[in-house]
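These figures come from a predicted structure and were not determined experimentally.
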Amino acid sequence: METENKTTEYEPLNFIEQIIEEHNRTNRFNKKVHTRFPPEPNGYLHIGHAKSICLNFGLAEKYNGLTNLRFDDTNPETEDVEYVNAIEEDVKWLGFDWQDRKFFASDYFEQLYQYAVQLIRLGKAYVDDQTAEEISNTRGTPTIAGKESPYRNRSIEENLALFEAMKRGEVEEGAKVLRAKIDMASPNMHMRDPVIYRIKKTPHHRTGTKWCIYPMYDFAHCLSDAIEGITHSICTLEFEVHRPLYDWILDQLGTHHPQQIEFARLNLTYTVMSKRKLKILVEQGYVNGWDDPRMPTISGLRRRGYTPEAIRNFAQKIGVSRRDTIVDIALLEFSVREHLNKICPRVMAVLNPLKVIITNYPENQTENLITENNPEDETAGNRTIPFSREIWIERDDFMENPPKGYFRLTPKGMVRLKSAYIIQCEEVIKDREGNIIELHCRYFENSKSGNDTSGLKVKGTIHWVSVAHALPIEVRLYDRLFEVEEPEGHEGKEFTEFINPNSLQILPKCFAEPSLAKAKVGDKFQFQRLGYFCVDKDSTPEKLVFNRTITLKDTWAKEQKKNN
RNA sequence: UGAUCACUGGUGCAAUUGGCAGCACAACUGAUUUUGGUUCAGUAAGUUCCUGGUUCGAGUCCAGGGUGAUCAACCA
């Protein structure tokens, strides 16, 4: 019984929040927090971006600030509106709102140009006529200083005239660039007179052919942040070595000066995350598009049946730090299960059907049995399910020679049909090859769920679907896309060599209870005892297609695996 | 052989900033259960990378070492 004061509420802050609170203490940004999420519209967002989105919007929310959505569209060769739209949809779906603050770096091309002119006037930038190769060759290495360009000391007037000519399109692509004049001997390669403008005579998806010079990331990003009044410019660790340049440009130009803060990008076991590798998966046909449910893209996760809440909770749980780490995908899976368990109605569906004939049940009788929709949610209510003489059960739920501890159906064994009766297996019917094709069972009329006077005690309860009322459905089972925890970085081996050949299993002939007939694309259910499933967009009026989002935890399967 | 940044149970993050190393996931027991789910109770798991220093006291500060990551596109 020590001092109780230890338990006074103290919410630990992550390192970014600590920085923000320090800024607030010292009044660096007038106690304001204004972040931004700055994707380049050249690909689809993935779960790693989700971490960044949750961070940026979450921080602003916590400190009563704002977050801008800004497309970093300074390279017309790779960017497209298609991506702009997809990105907006994904951010919205995750539950974040940038209100009227959707911006584009291309909105600032004129201002950025003026800033570049100002830099030239300050004698801090020059036009270089060297080729890309020459620039590269004279940059030096981390241990050897670079060589100054022969064009480095042109007069301000000449630089101004040349840059103007570049802007007017009078210079060939690649013939000249604008470089910041910093220090060719800097131990930081990014400070060795970085290129800040290059000529590209490619139409831009928003500005068309108005511009033929485009700012480089380092020049455009810091100034876009400054223009928007960003306070905390949060980016990933690889930009850490860019920070001196970020600061240098803003210092020279004397603008508003946000604080760049770097954090470690998300890595997940059994997953690849780089845009380049995801692109390979799509383009080489390892998956069926960017929204394939096996992809770690936001659109893939959405189609797979993940919820925004699950992803946000996941982002919360993994935290944020500056260490290069790899998060166990089990944590993501835990997050979906946790949320889906709360919200999903329970239904019955049989994936690998085995027919059971209840020999002592009247031939043309149908009973409507009552069952609860969700034991986790009292308000979810009940529904009825039809029961009749012939039912489908899961093939796995019957074993002729069961291992110890198996408590489903066995020859002469008894089992409870969920929300229905206890049955006993009396006869196993096989075909000529010895495959089990049918089970003959009897049921105990007085064992009806909710009204059981049989006194029978059974260990197992299994799910079932009435044959006469069954709704045929297609089910797609997904497993991890890779067979190893870390598919990347194996010497002499491509990450594609680790692809799990069984990551997708299509079951075209499954049966669901009839209540599912009115399910719509995106609807989510727990198929009792099997997992969480959602209706895929490939569904047709004739046939619903379900994606398995994630299995239920299965301690029995785990035990069996161990015993193998 | 350069610069910068990181090292805390298997994994990811904490430790009220110098005061008894804790949470979650994963793992393992058991109870409950008409889902082998959920829930509940519990167990195990750490030389806080190493060595030294400062201090009454170091995961935290200092020095040296080790390991890892990042950086040499007219990509972002």
Side-chain angles (χ1 to χ4, degrees), chain A residues 2 5-6 8-14 18 38-40 42 72-75 77-79 128 130-132 135-137 139-146 173-174 176-179 186-192 194-200 214 216-218 220-221 235-244 262 264 269 275 317-328 330-335 337-338 341-342 346 348 371-372 375-376 405-408 416-420 422 449-450 452 458-463 485 526-531 551-559:
Chain A
E2 293 192 37
N5 279 347
K6 292 219 131 180
T8 49
E9 304 116 67
Y10 165 80
E11 207 182 312
L13 303 174
N14 67 45
Q18 288 175 25
E40 184 188 11
N42 71 345
D72 217 341
D73 56 347
T74 57
N75 184 355
E77 287 169 0
T78 58
E79 295 152 4
D128 195 347
Q130 294 184 108
T131 63
I135 289 176
S136 172
N137 290 341
R139 198 185 307 278
T141 71
T143 51
I144 302 167
E173 211 171 297
K176 292 185 196 314
V177 291
L178 184 69
R179 287 231 253 171
S186 171
N188 182 340
M189 301 291 291
H190 296 278
M191 300 300 271
R192 323 248 262 225
V195 172
I196 55 176
Y197 260 92
R198 78 291 211 191
I199 299 165
K200 275 189 194 294
Y214 292 91
M216 298 285 289
Y217 165 84
D218 286 303
H221 202 92
C235 60
T236 46
L237 243 29
E238 67 268 26
F239 291 100
E240 192 168 350
V241 284
H242 293 241
R243 181 163 17 105
E262 311 86 15
T269 56
K275 256 184 211 172
K317 278 195 250 274
I318 58 175
V320 55
S321 73
R322 292 172 62 81
R323 315 158 61 164
D324 194 26
T325 55
I326 178 158
V327 174
D328 191 342
L331 188 57
L332 214 213
E333 296 175 342
F334 168 82
S335 297
R337 284 200 187 98
E338 186 185 40
N341 176 50
K342 282 186 204 130
R346 272 61 170 169
M348 291 202 276
T371 188
E372 57 187 339
E376 302 299 312
Y406 183 85
F407 49 77
R408 278 110 97 160
R416 156 82 59 191
L417 295 173
K418 173 74 185 169
S419 299
I422 291 173
S449 279
D452 184 352
V458 294
K459 198 85 193 275
T461 300
I462 64 174
H463 59 277
E485 278 198 17
Q526 184 197 97
F527 286 2
Q528 203 107 201
R529 302 208 306 133
L530 297 173
T551 60
L552 253 34
K553 249 172 52 182
D554 191 344
T555 48
W556 169 250
K558 194 159 74 179
E559 208 174 303

Just N and O in the side chain of [X]: are any of them under 4.0 Å from OP1 or OP2 of [N]?
{"X": "A:Lys459", "N": "B:U34", "answer": "no"}
{"X": "A:Arg529", "N": "B:G36", "answer": "yes"}
{"X": "A:Thr78", "N": "B:A76", "answer": "no"}

Round to the nearest Å and state the distance from [X] atom [atom1] to [N] atom [atom2].
{"X": "A:Met191", "N": "B:U4", "atom1": "CE", "atom2": "P", "answer": "13 Å"}
{"X": "A:Asn14", "N": "B:C13", "atom1": "CG", "atom2": "C1'", "answer": "10 Å"}
{"X": "A:Glu338", "N": "B:G37", "atom1": "CD", "atom2": "P", "answer": "17 Å"}
{"X": "A:Lys317", "N": "B:C23", "atom1": "NZ", "atom2": "C1'", "answer": "12 Å"}
{"X": "A:Phe407", "N": "B:U35", "atom1": "CZ", "atom2": "C1'", "answer": "11 Å"}
{"X": "A:Glu559", "N": "B:U29", "atom1": "CD", "atom2": "C1'", "answer": "12 Å"}
{"X": "A:Glu79", "N": "B:A76", "atom1": "CD", "atom2": "C1'", "answer": "8 Å"}
{"X": "A:Gln526", "N": "B:G37", "atom1": "CD", "atom2": "P", "answer": "11 Å"}

Between A:Ala264 and A:Asp218, name the one whose nearest nucleotide on RNA chain B is closer to the 5' end.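 Looking at RNA chain B, the more 5' nearest nucleotide goes with A:Ala264.
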
Of A:Lys418 and A:Ile318, the one whose closest RNA chain B nucleotide lies more 5':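 Nearer the 5' end of the strand: A:Ile318.
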
For nucleotides 66-74 of chain B, which of its nitrogen or oxygen atoms have a protein nitrogen or oxygen under 3.5 Å away, and what is each distance?
{"unit_1": "B:C71", "atom_1": "O2'", "unit_2": "A:His190", "atom_2": "NE2", "d": "3.1"}
{"unit_1": "B:C74", "atom_1": "OP2", "unit_2": "A:Arg139", "atom_2": "NH2", "d": "2.8"}
{"unit_1": "B:C74", "atom_1": "N4", "unit_2": "A:Gln130", "atom_2": "O", "d": "3.2"}
{"unit_1": "B:C74", "atom_1": "N4", "unit_2": "A:Ala132", "atom_2": "N", "d": "3.0"}
{"unit_1": "B:C74", "atom_1": "N4", "unit_2": "A:Gly174", "atom_2": "O", "d": "2.9"}

Would you mind reporting whether A:Arg416 and A:Asp452 have side-chain heavy atoms less than 4.5 Å apart?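 The answer is yes; the side chains approach within 4.5 Å.
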
Quick one: sort the A:Tyr217 and A:His242 rings into parallel, tilted or perpendicular, breaks at 30° and 60°.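 The rings of A:Tyr217 and A:His242 stand perpendicular, inter-plane angle above 60°.
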
Pair of N/O donor and acceptor under 3.5 Å linking [N] base with [X] side chain:
{"X": "A:Arg408", "N": "B:G36", "answer": "yes"}
{"X": "A:Glu376", "N": "B:U39", "answer": "no"}
{"X": "A:Gln18", "N": "B:U17", "answer": "yes"}

Among [options], which is the nearest nucleotide to the side chain of [X]?
{"X": "A:Thr143", "options": "B:C25, B:U1, B:G36", "result": "B:U1"}
{"X": "A:Tyr406", "options": "B:G36, B:A26, B:A76", "result": "B:G36"}
{"X": "A:Arg346", "options": "B:G37, B:G2, B:G12", "result": "B:G37"}
{"X": "A:Leu552", "options": "B:U35, B:C25, B:A76", "result": "B:U35"}
{"X": "A:Lys553", "options": "B:A26, B:C25, B:U34", "result": "B:A26"}
{"X": "A:Thr555", "options": "B:C25, B:C75, B:G37", "result": "B:G37"}
{"X": "A:Leu331", "options": "B:U35, B:G37, B:C25", "result": "B:C25"}

Need the glycosidic conformation of B:A14: syn if within 90° of 0, anti if not. Which one?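 For B:A14, whose glycosidic angle is more than 90° from 0, the conformation is anti.
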
Is the base of B:U17 syn or anti, where syn means the angle lies within 90° of 0?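 Syn, angle within 90° of zero.
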
Backbone N/O of A:Thr141 and side chain of A:Arg192: donor-acceptor pair under 3.5 Å: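 Side chain of A:Arg192 to backbone of A:Thr141: a pair is present.
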
Minimum heavy-atom separation for A:Ser335 and A:Lys317, please, with both atom names.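 Closest pair (atom of A:Ser335, atom of A:Lys317, distance): OG-CE, 3.4 Å.
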
Identify the heavy atoms of A:His463 and A:Lys418 that sit nearest to each other, and give their distance.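 That closest heavy-atom pairing would be CA-CB, 4.5 Å.
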
Would A:Arg322 and A:Glu262 pass as an ion pair if we require N to O under 4.0 Å?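 Salt bridge: yes.
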
For A:Gly460, report the nucleic acid contact type (base, sugar-phosphate, nothing); a contact means any heavy atom under 4.0 Å.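 Nothing, no heavy atom under 4.0 Å.
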
Can you tell me which stems involve RNA chain B, if a stem is defined as three or more consecutive Watson-Crick or G-U wobble pairs, both distances under 3.5 Å?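 Stems for RNA chain B, defined as runs of 3 or more consecutive pairs: B:2-7 with B:66-71, B:10-13 with B:22-25, B:27-31 with B:39-43, B:49-53 with B:61-65.
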
Quantified in whole Å, what is the P atom distance between nucleotide B:G59 and nucleotide B:C49?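 Comparing P positions in B:G59 and B:C49 gives a spacing of 10 Å.
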
Taking only the C1' atom of each, what is the distance from B:A58 to B:U47 in whole angstrom?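 To the nearest whole Å, 14 Å.
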
Tabulate atom names and distances for all N/O pairs under 3.5 angstrom spanning the protein and nucleotides 9-11 of chain B.
{"unit_1": "B:U11", "atom_1": "O3'", "unit_2": "A:Ile326", "atom_2": "O", "d": "3.4"}
{"unit_1": "B:U11", "atom_1": "O2'", "unit_2": "A:Ile326", "atom_2": "O", "d": "3.3"}

Is A:Tyr217 stacked on the base of B:A76, with ring centres under 5.5 Å apart and planes under 30° apart?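 So A:Tyr217 does not count as stacking on the base.
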
